[in-house]
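Some notes on the structure that comes next.
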Protein chains: 2
Amino acid sequence: MTAAGNHQASRPSGRRLERAGIRDVAAAAGVSITTVSDALNGKGRLPEATRRHVREVADRLGYRPSAAARTLRTGRSGLIGLTVTTYGEEPFTFTEFAYFAEMARAATSAALARGYALVILPASSRHDVWSNVALDGTVVIDPSDHDPVVAELARQGVPVVSDGRPGNCPVHAWVDNDHEAAVLGILDHLADAGARRIGLLTGTSTDTYTRLSTTAYLSWCERVGQEPVYESYPAHDPCAGAVAADRLLARPDRPDAVYGLFDPNGTDLLAAARRYGLRVPEDLLLVCCSESDVYATTEPPITTLSLKPGRIGTAVVQLLIDAIEGVGGTQPVQQVMPTDLIVRTSSQRRPPRTKVSPPRSPGAG
Amino acid sequence: MTAAGNHQASRPSGRRLERAGIRDVAAAAGVSITTVSDALNGKGRLPEATRRHVREVADRLGYRPSAAARTLRTGRSGLIGLTVTTYGEEPFTFTEFAYFAEMARAATSAALARGYALVILPASSRHDVWSNVALDGTVVIDPSDHDPVVAELARQGVPVVSDGRPGNCPVHAWVDNDHEAAVLGILDHLADAGARRIGLLTGTSTDTYTRLSTTAYLSWCERVGQEPVYESYPAHDPCAGAVAADRLLARPDRPDAVYGLFDPNGTDLLAAARRYGLRVPEDLLLVCCSESDVYATTEPPITTLSLKPGRIGTAVVQLLIDAIEGVGGTQPVQQVMPTDLIVRTSSQRRPPRTKVSPPRSPGAG
DNA sequence: GGGGGATGGAGATAGGTTTCTGCAAGGTGA
DNA sequence: TCACCTTGCAGAAACCTATCTCCATCCCCC
């Protein structure tokens with residue numbers, strides 16, 4: 001009665017839609033708001049009868065606890081940010097679009113399975129958007145060195161987990177592929193297929209993926225005694241990729257096998273090979289890094305390296321939520337994920353026996 | 001002084017990271033919290049000197065207003081939901097993955113430009129996730145009839161805008177393509193290219209896209225006096241699409257042109273045509289609906305219909321935010337967006353003059 | 001028969017912000 | 001000089017929940 005009186009007195013105008021609050025439930029059930037809260041959240045010491053009664057009344061009134069009030073009280077919003085550093089106006093770069101899409105899909109799944117929702121927040125967005133949303137933690141894709149967003153989040157004590165090795169960012173944990181192993185595996189695979197001179201199509205940017213992959217290529221060349229043959233281009237420009245592919249095949253020391261680090265390289269290289277009358281795989285072996293399954297249906301199908309963004313997205317979110325909830329503080333804070341080489345016609349001199357067979361042990365030869 | 005005293009008394013243990021609150025700023029600046037709030041939010045009647053001073057002190061203390069408290073007080077969270085109805089476990093269906101990814105990208109951009117952030121929330125997710133996040137509004141992609149999530153949101157007074165015509169859902173507005181016009185345009189285009197019997201690859205599901213497109217096809221057939229030739233399959237199953245494509249070309253009344261309603265139909269039809277020794281476009285004209293640009297590089301390149309998900313995502317978000325902010329209550333609540341036909345080799349009997357040329361007026365012949 | 005533990009539940013406070021109301025000082029016109 | 005308006009700012013309510021503290025029983029057992 002008191003609660004009801006208070007309630008009526010405290011709502012002189014009835015602002016918005018008359019949503020039922022916890023007070024309304026308490027009044028209707030004839031109990032205190034403490035009892036309602038405890039009953040609905042499974043806390044406190046209450047007999048099952050009271051719990052059931054309160055739940056029933058709450059259902060009847062269509063009561064939904066206010067997310068904002070709960071967040072304010074508990075300090076938990078159930079929201080985690082998904083951030084990607086951007087190079088232009090758009091929130092996502094197109095070069096890694098397939099990667100990002102798949103990664104975001106997996107991250108969303110993983111978050112929801114643990115009761116969290118994902119908020120997409122490009123790193124370049126206005127600061128007011130960032131401070132306007134209460135985040136329990138954030139996933140950062142491919143953070144740049146000294147990323148200001150990460151620094152600010154760290155200052156606020158928000159856990160951050162990154163996809164890709166962080167430069168100098170204070171992250172709680174990171175997940176990344178074993179890029180060196182992947183490149184070495186591909187080069188060995190191409191050499192096994194008969195390649196004598198393997199070329200590389202790489203980028204001019206300094207992110208870890210490009211850097212580690214290129215370094216691995218160079219060290220492999222040094223190990224086997226091959227002169228490096230590679231072309232670099234700004235990976236954000238799709239046209240530049242086609243030009244670089246052409247340049248690579250136009251060289252006097254033309255390679256007889258090429259690995260392309262970026263998604264569109266496969267079609268670009270295929271087109272360039274066609275222009276120069278090179279048959280794939282007879283005259284040119286081809287592999288590129290891609291998440292797109294279009295390379296299963298090109299003519300010929302092209303062998304691709306998948307970074308398995310789904311696995312990464314899942315792992316990143318698990319690590320982040322663990323950090324948020326404070327579990328497993330002792331387990332390793334970095335995780336190196338394997339990649340998948342999907343072998344298709346373009347990298348096999350002889351017709352393959354089985355359609356798709358990832359090599360179990362690349363170093364068998 | 002009073003505020004400071006209050007503050008110290010009210011924080012006996014200093015729970016988490018000592019984040020500066022508005023009270024700390026007020027105390028440090030020697031003003032009241034009202035003045036701080038007004039100064040930072042550009043409200044109230046304050047001389048510029050005071051405003052500047054407060055802002056400076058707030059900056060010095062690294063003050064960030066609590067998003068949760070602001071949301072609780074104002075009733076606005078700055079968050080809008082992005083929901084896609086799901087058919088399985090995963091948050092997104094793979095059939096429309098390219099569509100969804102592009103649409104989400106554009107929606108994210110549009111929302112951020114207006115100071116909102118996007119939360120991804122599959123419709124099938126547990127109820128507690130939905131009620132745990134304060135949403136100012138929601139975009140629903142392709143809602144099913146009597147969608148329970150939409151009904152619940154409507155009950156709570158949360159504005160909902162849908163991508164795709166809503167069945168019986170109480171949405172504030174919707175945006176959709178002009179599917180009939182698109183199909184009619186494609187059929188006319190194929191007929192212009194010399195098709196005598198045009199087949200359709202369609203779905204068994206009852207969503208509006210499939211329904212409207214199929215109906216348009218049937219009415220076109222009736223109008224021009226052609227017997228309909230079509231195969232239906234469950235669009236969620238990619239293998240079923242390949243089988244249906246094969247079935248369509250195996251019919252005794254084999255069509256000499258086919259339009260496929262779903263993204264993978266192009267490659268499926270191309271593979272089937274190859275199996276039956278049909279040359280494209282000489283023996284078979286091909287068009288499919290797809291957002292993927294892989295059809296620019298297939299052999300031959302395939303004409304595609306783009307639904308322009310980017311434009312739709314932008315429009316949907318604009319409409320939603322308008323509804324949230326209460327502007328433009330009189331403007332139309334539904335918006336029909338045009339599609340783009342990207343004409344390539346597969347739908348032209350004679351080699352094209354220009355590489356890519358969307359037909360300006362399809363009824364020119 | 002009374003101390004003490006377990007049970008069931010109420011009261012009050014905190015969490016941080018926005019905003020309505022109101023107050024004091026100073027200026028202005030009659 | 002006084003009423004009145006404007007300026008500059010302070011106080012306090014309200015938003016809604018979760019939880020800490022505490023009180024009243026009731027029962028058990030010495």
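Note that the structure is a prediction, hence the values are computed from the model and not measured. Letters A, B, ... are given to chains in the order of the sequence lines, protein chains preceding strands, and every chain is numbered from 1.
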Rounded distance in Å - CZ (A/Arg19) to C1' (D/dC15): 12 Å
Minimum side-chain heavy-atom gap A/Val84-A/Phe100 below 4.5 Å: yes
Side-chain N or O of A/Arg73 closer than 4.0 Å to phosphate OP1/OP2 of D/dT19: no
Selection from D/dA18, D/dC20, C/dT18 that lies nearest to any side-chain heavy atom of A/Thr34: D/dC20
Closest to side chain of A/Arg23, choosing from C/dT17, D/dA18, D/dC15: D/dC15
Distance test, side-chain N/O of A/Tyr63 to OP1/OP2 of D/dC16, below 4.0 Å: no
N or O in side chain of A/Ser32 less than 4.0 angstrom from C/dA10 OP1/OP2: yes
Residue closer to the 5' end of DNA chain C, B/Ala68 versus A/Gly30 (nearest nucleotide): A/Gly30
Flag side-chain contact, heavy atom, 4.5 Å: A/Asp322 against A/Arg114: yes
Residues touching DNA chain C, which here means a heavy atom under 4.0 Å, drawn from residues 36-55 of chain A: A/Arg45, A/Leu46, A/Pro47, A/Thr50
Candidates D/dA10, D/dA12, D/dT17 - which lies nearest the side chain of B/Val31: D/dA10
Under 4.0 angstrom between B/Arg70 side-chain N/O and C/dT18 OP1 or OP2: yes
Euclidean distance, A/Thr50 OG1 relative to A/Arg55 CZ, rounded to 0.5 Å: 11.0 Å
A/Asn132 side, atom CG; B/Arg76 side, atom CZ - distance, nearest 0.5 Å: 11.5 Å
Sugar-phosphate only, base, or nothing, as touched by A/Thr35 at under 4.0 Å among non-hydrogen atoms: sugar-phosphate
d(CG, B/Asn132; P, D/dA18) in whole Å: 9 Å
Test item: A/Ile321 and A/Tyr116 side chains (from C-beta on) under 4.5 Å apart, heavy atoms: yes
Heavy-atom side-chain proximity of A/Val149 to A/Trp130 below 4.5 angstrom: yes
